Amino acid sequence: MKKLHLLILFFIAMILPTELVHAQEKFSIERADACLQLAVEQIKVLADRSADGMLPKTFDKGKNFDSESGWWTSGFYPGTLLYLYEYSGEQSLLRMAKQKLLLLEKEKYNTTTHDLGFMLYCSFGNAMRITGDTAAYREILLKGAESLATRYSPITKAIRSWDFDNFPVIIDNMMNLEFLNSASRLSGDKRFADISVMHANTTMRNHYRRDYSCYHVVDYDPKTGNVIKKKTNQGAFDESAWARGQAWGLYGYTMMYRDTGDRKYLAFAKKIASYMLKHPNMPKDLITYWDYDAPDLPADSKYGKYADYRDASTASLTASALLELSTMVKGKLSRYYRETAEQILYNLSTDRYTAKHGTNGGFLLKHSVGSIPHNSEVDVPLTYADYYYVEALMRYKDYYHALK
Ligand code: GLY
């Protein structure tokens, strides 16, 4: 068995590129397979290094950090295991995922966070889709969606993100709508989908600027629904374009078009993509800085020393969103989105971003940024960077086969 693993790793090392490449190089199905094979082996290292009863989060200065099930990233590790089980058919990955799902189940009662889509849909949603076992997961998903729906206000017409400030809504919250859409399909209860549409429309109106960049946070008056303040929490400054926020929005509106068929979401996703991909500060290799405005920060400013930090999590989730968007449009634009996603995946798969097997605490990608203003998880691997990278690789394989 050990010999077989060594052989697989040797094969992966031969296939994966070591240099960053730009437009002239092409991603390929062979490279996608090599990346996924490496991911299958690497996640076993992560499994060995993370504590029982906890969920992997990051790795820093030689140490792995895990979270309790109530932390917003808790669903990504089981979700990644499930994607890799789907890819490889290895039963041990499904077993490991199911152990972690046991820890997560109680979060279906959690009404103190908007992050239930990340926590429960990336995990249980994938489990139900991949195993086909609706009976095992239906009640958990619907209870979780009920909990998320308690945070919706018909006055603000939005789901409350955090329990401080007045009624703060962060752009990240667009990602939880997929969970509500799926709960409507599962239960036949239109209320979840209605909340999702209201939230998406309110966010479109209030989070976005004329250039289709978005604010991170909009704080509403819960009594009137009026906007009190637009600001940032994890970006460089209030008016900046925090990179992951732009990608949450791109992914969110692409998903909303898929789930509703409403073309205004497609048009909006295209505008967001255009803002991101044509931005003068987009680096040539398309692995974004942590904030689109970061490279312009004066060296002596508050975050000036972080001006050139990249965020691989934004890149992986952008690649995943662009692959989906490429299936929703035709011709040149479709090719542009697909080739851009391929270029991102290619560059993420080089030594600069992909860790060697056995290193990086068992995480796949290096160089992500959690929050520079909080000095938290800066230039480290992150569980959600790996999740969206693996998702993008799986999408690439699906679409590649569809294209042939
Ligand atoms: N949802 C929190 C983040 O994107 O960092």
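Only heavy atoms go into these numbers, but all of them, side chains included; no hydrogens, no water, no symmetry mates. Since the structure is predicted, the reported quantities are computational estimates derived from the model, not experimental observations. Every number for a ligand or one of its atoms is a count from 1 in the order of the listing.
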Quick one: do Lys305 and Asp300 make a salt bridge, cutoff under 4.0 Å?
no
Counterpart residues, ring pair (Phe, Tyr, Trp, His ring centres under 6.0 Å), relative to Tyr257 (two or more places apart):
none
Report all N/O contacts between ligand 1 and the protein shorter than 3.5 Å as a table of atom names and distances to 0.1 Å; if there are none, say 'none'.
| residue | atom | partner | partner atom | Å |
| --- | --- | --- | --- | --- |
| ligand 1 | 1 (N) | Asp172 | OD2 | 2.6 |
| ligand 1 | 4 (O) | Asp172 | OD2 | 3.2 |
| ligand 1 | 4 (O) | Arg244 | NE | 2.9 |
| ligand 1 | 4 (O) | Arg244 | NH2 | 3.4 |
| ligand 1 | 4 (O) | Trp248 | NE1 | 3.0 |
| ligand 1 | 5 (O) | Gln234 | NE2 | 2.8 |
| ligand 1 | 5 (O) | Arg244 | NH2 | 2.6 |

Which pairs would a plain distance check flag for residues 173-181, meaning a side-chain donor or acceptor within less than 3.5 Å of a matching protein atom at least two apart in sequence or in another chain?
| residue | atom | partner | partner atom | Å |
| --- | --- | --- | --- | --- |
| Asn173 | OD1 | His114 | ND1 | 3.3 |
| Asn173 | OD1 | Asn176 | ND2 | 3.3 |
| Asn173 | ND2 | His114 | ND1 | 3.3 |
| Asn173 | ND2 | Ile159 | O | 3.0 |
| Asn173 | ND2 | Ser161 | OG | 3.1 |
| Asn176 | OD1 | Gly117 | N | 2.9 |
| Asn176 | OD1 | Phe118 | N | 3.4 |
| Asn176 | ND2 | His114 | O | 2.5 |
| Glu178 | OE2 | Arg258 | NH1 | 2.9 |
| Glu178 | OE2 | Arg258 | NH2 | 3.4 |
| Asn181 | OD1 | Ser196 | OG | 2.7 |
| Asn181 | ND2 | Leu177 | O | 3.4 |
| Asn181 | ND2 | Asp259 | OD2 | 2.8 |

Phe65 six-ring centre to Lys63 NZ/CZ under 6.0 Å and within 45° of normal:
yes
Is the NZ or CZ atom of Arg209 positioned over Tyr215's six-membered ring, under 6.0 angstrom from the centre and within 45° of the axis?
yes
Please list, chain by chain and in numerical order, all residues satisfying side-chain hydrogen bond (donor to acceptor under 3.5 Å, both in side chains) with Tyr253, sequence neighbours excluded.
none
